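Below is one structure; the comments refer to it alone.
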Protein chains: 2
Amino acid sequence: MESVLTEAVALLDEAGAPALTFRALAQRLGGGVASIYWYVESKDELLDRATDHVVGTVLADIEKAAPGDDPIDDLRAMAMTLFDAIVDRPWLGAYFMRNTDLQSNSLRLYEKLGRQTLRLKLDARQRFHAVSAIVGVVVGSAVDMGQEPPQEILDGAVDREEYLGRFASAWRELDPAEYPFIHEIVDEFDGHDDVDQFRSALDLTLAGLRLQAGA
Amino acid sequence: MESVLTEAVALLDEAGAPALTFRALAQRLGGGVASIYWYVESKDELLDRATDHVVGTVLADIEKAAPGDDPIDDLRAMAMTLFDAIVDRPWLGAYFMRNTDLQSNSLRLYEKLGRQTLRLKLDARQRFHAVSAIVGVVVGSAVDMGQEPPQEILDGAVDREEYLGRFASAWRELDPAEYPFIHEIVDEFDGHDDVDQFRSALDLTLAGLRLQAGA
DNA sequence: ACCTGAACACCGTTCAAGT
DNA sequence: ACCTGAACACCGTTCAAGT
């Protein structure tokens, strides 16, 4: 079982979600396709368990960091750790927190995040919504990122800079009267950093939360 | 072409993303499978064009609403309209804003949102990040929602209330000492409304943005 | 308890050929 | 310019059978 998950994660890491097929996995394990069904009921379950397997390592990273004075700063640090893990493994974004039933580490991570909100002056509903919002920012940014590389970039034929630049050029061709905002931000878009973008989104949410908690 | 997209959207609406196959679509159009390839180069392109097709209607809804005094309130209204559209069509969440090259209505929507930030005291980078954050909240909540129904609920065998209740019961069984946050919010989770959850996340982001803009 | 080969019912995509 | 039938190379999943 352990090796099924390890090899599944290895396939996902090497070439993303489409690379994880029962046939490829079976070949790597040196067995038949049907064997995998002894460990797992379906591909969905395989994905859930593989996801939870790596969330376990994220959770360990998060637990290493000592809790600080400010719960919101702790929330920020935890969200950043989680986001970093998704940057390393873009496939994670799509499956993370999909099924807390099968993903017990995800549930623990959810609890870990939520515990920080217990230190804030909020009611139960506000706490529930706050954690949902933070997870939403992570997943939203991750999804945005995970879908970005359109195979050219994975092949190494085109790097990220050139890929963004191509979009930027197309945008600069647009009529400035009709697309004033696009022209306003095209230089920011060109060569932008996903992590910056994520941090800004997270900080807006956390600023709103701090305001709400009166802290 | 128009009818290809209309029927594709119809299939997606009726039974979600897995229902849209070239064979099912061809049958509906009363033709052969290969015909579709005259209009579209791949399934990805079909999905992008179908998505942009419905984003066009969302855009029309958004343009109907008159601009108000407060740009942030306008941003909220636009985001809510967008979210409502995704509630009606959960499959949208996964493809929305995936490719602004093929999705010209999505680009226009992005511009529409961004134009509100031009009315705020922000620099270009802040504006870029603000719109990304808002789109991120929408997509993040939409993804969370879109993956929720695990077929039982689609079959009508189990309604949403019961589905949530089942999770809530499992959570109530957890050790309160180990999962204090889960116990804090389990009653909120039970029977919660996705729209409430989304609105809260959006409001946190917008509160942060208002603070940043000093408005 | 654990694994297998072979089949089943699907997919997206291609291609030579038709009007 | 538009459409087709038939094939190709895959999928996830099942099942009877093996150790």
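Any value given below was found using the heavy atoms of this structure, including those in side chains, with hydrogens, waters and symmetry copies removed. So you know, we letter chains A, B, ... as the sequences are listed, proteins then strands, and number each from 1. Just so we're clear, the structure is a prediction, and the values are computed from it rather than from any experiment.
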How close or far is atom [atom2] of [N] from atom [atom1] of [X], stated in whole angstroms?
X: A:Q27; N: D:dC10; atom1: CD; atom2: P; answer: 12 Å
X: A:F22; N: C:dA7; atom1: CZ; atom2: P; answer: 21 Å
X: A:L25; N: D:dC11; atom1: CG; atom2: P; answer: 12 Å

Which class fits the ring pair A:W171 and B:Y110: parallel under 30°, tilted 30 to 60°, perpendicular over 60°?
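Ring orientation of A:W171 relative to B:Y110: tilted.
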Can you pull out every salt bridge (charged side-chain N to carboxylate O under 4.0 Å, His left out) where at least one residue sits in residues 125-134 of chain A? Sequence neighbours excluded, please.
A:R125-B:E188, A:R125-B:D196, A:R127-B:E184
Selection residues 77-97 of chain B - residue pairs positive for salt bridge (charged side-chain N to carboxylate O under 4.0 Å, His left out), sequence neighbours left out:
B:D13-B:R89
Report, one pair per line, the protein and nucleotides 16-19 of chain C atoms (nitrogen or oxygen only) whose separation is under 3.5 Å.
none

Side chain to side chain donor-acceptor pair (under 3.5 Å) partners for [X], two or more places apart:
X: A:H183; result: none
X: A:E173; result: none
X: B:Q103; result: B:D48, B:S106
X: B:T100; result: none

Got a sec, which residues hit side chain to side chain contact (heavy atoms under 4.5 Å, CB included) with B:R108, two or more places apart in sequence or on another chain?
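Counting only residues at least two positions away or on another chain, B:R108 forms a side chain to side chain contact (heavy atoms under 4.5 Å, CB included) with A:Y179, B:L59, B:S104, B:N105.
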Please list, chain by chain and in numerical order, all residues satisfying ring pair (Phe, Tyr, Trp, His ring centres under 6.0 Å) with B:F167, sequence neighbours excluded.
B:Y163
Quick one: ring pair (Phe, Tyr, Trp, His ring centres under 6.0 Å) partners of B:Y37, sequence neighbours excluded?
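Residues passing ring pair (Phe, Tyr, Trp, His ring centres under 6.0 Å) with B:Y37: B:F22.
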Intra- and inter-strand pairing of DNA chain C, written as dot-bracket with Watson-Crick and G-U pairs under 3.5 Å and | for the latter, reads ||.|||||...|||||.||
Check every atom of D:dC11, D:dA7, D:dT13 against the side chain of A:T21 and return the nucleotide holding the closest atom.
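Closest nucleotide among those given: D:dC11.
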Listed in order of residue number, which residues of residues 34-49 of chain B have a non-hydrogen atom at under 4.0 Å from DNA chain D?
B:A34, B:S35, B:W38, B:Y39
On DNA chain C, nearest-nucleotide positions of A:G31 versus A:R23: which is more 5'?
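Checking each residue's closest nucleotide, the 5'-ward one belongs to A:G31.
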When the C1' atoms of C:dC10 and D:dA9 are considered, how many whole Å apart are they?
13 Å
NA contact type, B:L29, heavy-atom cut-off 4.0 Å: base, sugar-phosphate, or nothing?
nothing
Closer than 4.0 angstrom, basic N to acidic O: yes or no for A:D52 and A:R98?
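No, no charged N to carboxylate O under 4.0 Å.
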